[in-house]
Every structure is written in C-alpha cells, then in structure tokens.
Amino acid sequence: MDIEKIETWLKLKSDPLLIAGPCSVESEEQMMATAAGLAESGLVSAFRGGVWKPRTKPGSFEGIGSPALKWLKQAGIEHDIPVITEVANAQHVEEALNAEIDMLWIGARTTVNPFYVQEIADALKGVDIPVFVKNPIHPEVGLWLGALERLNQAGVKKLAAIHRGFYAYQSQPFRNEPKWEVFFELRRIAPELPVLCDPSHIAGKSELIGEVCQSALDLGMDGLIVESHIQPEKALSDARQQLRPTDLNAVYQALEHRDEAIDDRRFIAKLEELRSEIDQIDLEILRWIGKRLEIAKAIGPVKYENQATIFQMKRWFKVLENRKDQAKEMKLDDEMVHEIFQLLHKYSIDAQIKNHGEA
Ligand code: PEP
Ligand code: MN
C-alpha cells in the first residue's frame, strides 16, 4: 500500500493522538457544547460525530442525517479543528464532501461488505481526503486489509485503521472482544499504516475506557478515538460508553506513556536476558509439539484398521477436562489452555486424516 504518514496530513495536538466527539451529532447545542468542552484541553486533534448511525435494532436512533453535517463542521470551524464522520455509501460521501467534512471513517458494519467499500472507494476517486477504516465486526484481517486496499487503489493515500474490537456472543467485561492479535497481524502485514484504538466501542462502559486506552498504548497503537458527550446520560446512542469532556481529559492525563525502543543499557540487557530464556523455552515447546504430532499421526492407521472414527468425542472431552484441571493447579488461565489444546487437537486430527494409509 502507498500510504502517507499521518503527521503529514493531520496536525497532531498530542502524543498519543486523540480524536474525540459524540457517538451521534444530536443537535447544534449538543455538538457545540461538547466541542467546546473538548477543545479546552488543547489535546484533541479532530472532532468525531456520527450523522448516519448504523443501528442493530430497528427503532433505535438512526442519526439526524445530513442536517447534522453542518453542526459538526461548524464545531470544527469554531475551534479550528478538523472533523470526521462515518459514511456507509456513495450518497453519504457526496453529502459529507458537499458539507466540507475534513475526514471520513468507514464503520464496522460497512467494512464487512466489499460492495459498499468499493462503492465508497469509487465515490472518492480524485478526492484527496483522509479515510479511517474500522475493523469488520468479526475478526478477519483479510476483510479489513481488503477495504484499505480498495481505497488505496482508488487513490486514497491518507489512510488509517481503527481497532474497535469484535463481536462476541459473550464478551465480558467488555462490549466487544479486543482480540489484539488481529491488530498484531495488521501491523505485521502493513507496518506503515497508522492504527488508532476505539476504546469506547471495545469497553462499552465509560468506567472501563481508561483501562482499554492503556492497553492500546502498551501495545504501541498510534492514537485513540474516543466517544465524548456533554451529557452522556442523555445521549441518544451509546449512552453507557460516552465520557464527559472533563472525564475524558482525566482519563487521558492518567495514561502512562510507553516507548518501543528505549535507550537504556540496563533495560536492554535485562530484556535480552529474559528474551533468550523465552527463545529457549519456545524451542523446547516446538520440539514437544513435533513429538506429540508424531504420536498422534501413528494413531491414525490404528483407528482406520479397527474401523474407528478419527474424531473420538469422549476422549477429546476427557483430554480437555484433564488438561484444564492440571492447568488450574498450575494457576494457568483456563481459556488459554482450552485454546491451545483445541489447536493441538485440530492439527492431530488433520495429521491422522492425512496419514490413514500408512500403517
Ligand atoms: C461509531 O463509531 O459510533 C460506530 C457506529 O462504530 P462501529 O462501526 O465501530 O460500531
Ligand atoms: Mn457509537
């Protein structure tokens, strides 16, 4: 991808970068009062505000629509701060551009659909405007990258990604599961792409936002986009997760900054010592996985010869239960152990299916 560095197209007012504003632009008064509160700290690099709201449940507030664009823009002009809104189709793009909105974002429910993304990309041909792409609702890095690539191919070079977490049937304590590993994969494939965290949609509750912001910084994300409302309790959408501007300021001030490359000899030496231990352990883990797979493979022909199914449900449940009991005694995380053994089991079964002929 051909991407311009964020600091060349967005005046960064703070480190880490902060974009803030209401979930939805509800009225001129609400937008102006929220913007005034946010501008006071001098930390906010752009105001966000949704105008067309994709709601899961029909009957929920679906946004004011285009009339709200001018209130958002007015807030930006008043404080000399760029503004960003969500677009979900070509019509939205056209209206946002007419209202001179400075930047656009594509929401999670749109990133999942390549038809919509392509329509937006086509509408942006020849328009030099920054676009932020939220991750799709489910954890598929390919769709996320695909959306970014469609925009890039249409000539959008001012690109950034927003990590807003993923839908999970049960996601406690948060609203969305962070699944940071998806961000790691995005960073690995597109290291030059700026990635912001949206702690509001991950946390879902205002009191958990600080914690998510800190995780994002600890993982080296490039900035934060946070929902803020002058009166969160009266918000027409996402009321539970919006912070008053003063509360957002307090959350931001409490964040601890981290640096990936620290130039301290003692720190580097300690890190290297611990990392070489990890390298050694990883090598042993790999050797043991290899041995485990060899044995699993040898079981394949034994099952086939005896006309037994490859997948033995009772045995699998027993293995899982037993490993989790053992892990509990070692005070290891239950879910982690579950996931590891699920993977080991999956690859053992695959090996047995492939190896059925070789008795
Ligand atoms: C939003 O930012 O208000 C929004 C609807 O976000 P998402 O697309 O992440 O659900
Ligand atoms: Mn929202």
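We count ligands from 1, going down the list as the structure has it; atoms in each ligand are counted the same way. For reference, positions follow the sequence shown, starting with 1.
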*May I ask you to check whether W9 and F132 place their ring centres under 6.0 Å from each other?*
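Yes, the ring centres sit under 6.0 Å apart.
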
Decide whether an N or O pair under 3.5 Å exists between [X] and ligand 1.
| X | result |
| --- | --- |
| D198 | no |
| E227 | yes |
| R55 | no |
| D238 | no |

*Please determine which of R265, K270, E272 meets the side chain to side chain contact (heavy atoms under 4.5 Å, CB included) test together with I268.*
E272

*Is there a path from I101 to L159 through hydrophobic residues (I, L, V, M, F, W, Y) whose side chains come within less than 4.5 Å of each other?*
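I101 and L159: one cluster.
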
*asked:* Between R175 and R240, is the side chain to side chain contact (heavy atoms under 4.5 Å, CB included) condition met? List the steps.
replied: CA-CA 11 Å; R175 171 180 175 184; R240 205 40 200 90; over 6 Å; no

Is there a donor in the side chain of [X] and an acceptor in the side chain of [Y], or the other way round, less than 3.5 Å apart?
| X | Y | answer |
| --- | --- | --- |
| H201 | E227 | yes |
| Y252 | S14 | yes |
| Q153 | E149 | no |

*Close approach, G50 and ligand 1, non-hydrogen under 4.0 angstrom*: no

Which of the ligand 1 atoms, numbered from 1, are nearer than 4.0 Å to a heavy atom of [X]:
| X | answer |
| --- | --- |
| G107 | 8 (O) |
| A108 | 8 (O) |
| R109 | 7 (P), 8 (O), 10 (O) |
| R48 | 1 (C), 2 (O), 3 (O) |
| C23 | 3 (O) |

Which residue owns the protein heavy atom closest to [atom], what's the atom, and how far is it?
| atom | value |
| --- | --- |
| atom 3 (O) of ligand 1 | K53 NZ, 2.8 Å |
| atom 6 (O) of ligand 1 | K134 NZ, 2.9 Å |
| atom 4 (C) of ligand 1 | H201 NE2, 3.5 Å |
| atom 9 (O) of ligand 1 | R164 NE, 2.6 Å |

*asked:* Would you say CD of E181 has more than 12 non-hydrogen atoms from neighbouring residues, nucleotides or ligands within 6.0 angstrom?
replied: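 Yes - once you tally the heavy atoms of other residues, nucleotides and ligands closer than 6.0 Å, there are more than 12.
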
*Please check if the side chain of R48 supplies one atom and the backbone of C23 the other of a donor-acceptor pair under 3.5 Å.*
yes

*Taking T85 for the side chain and G49 for the main chain, is one N or O donor matched with an acceptor at less than 3.5 Å?*
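Yes, T85 side chain to G49 backbone: donor-acceptor pair under 3.5 Å.
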
*the Mn ion (ligand 2) as vertex, arms to SG of C23 and OD2 of D238: angle to 10°?*
100°

*May I have the angle between H201 NE2 and E227 OE2 with its vertex at the Mn ion (ligand 2), rounded to 10°?*
90°

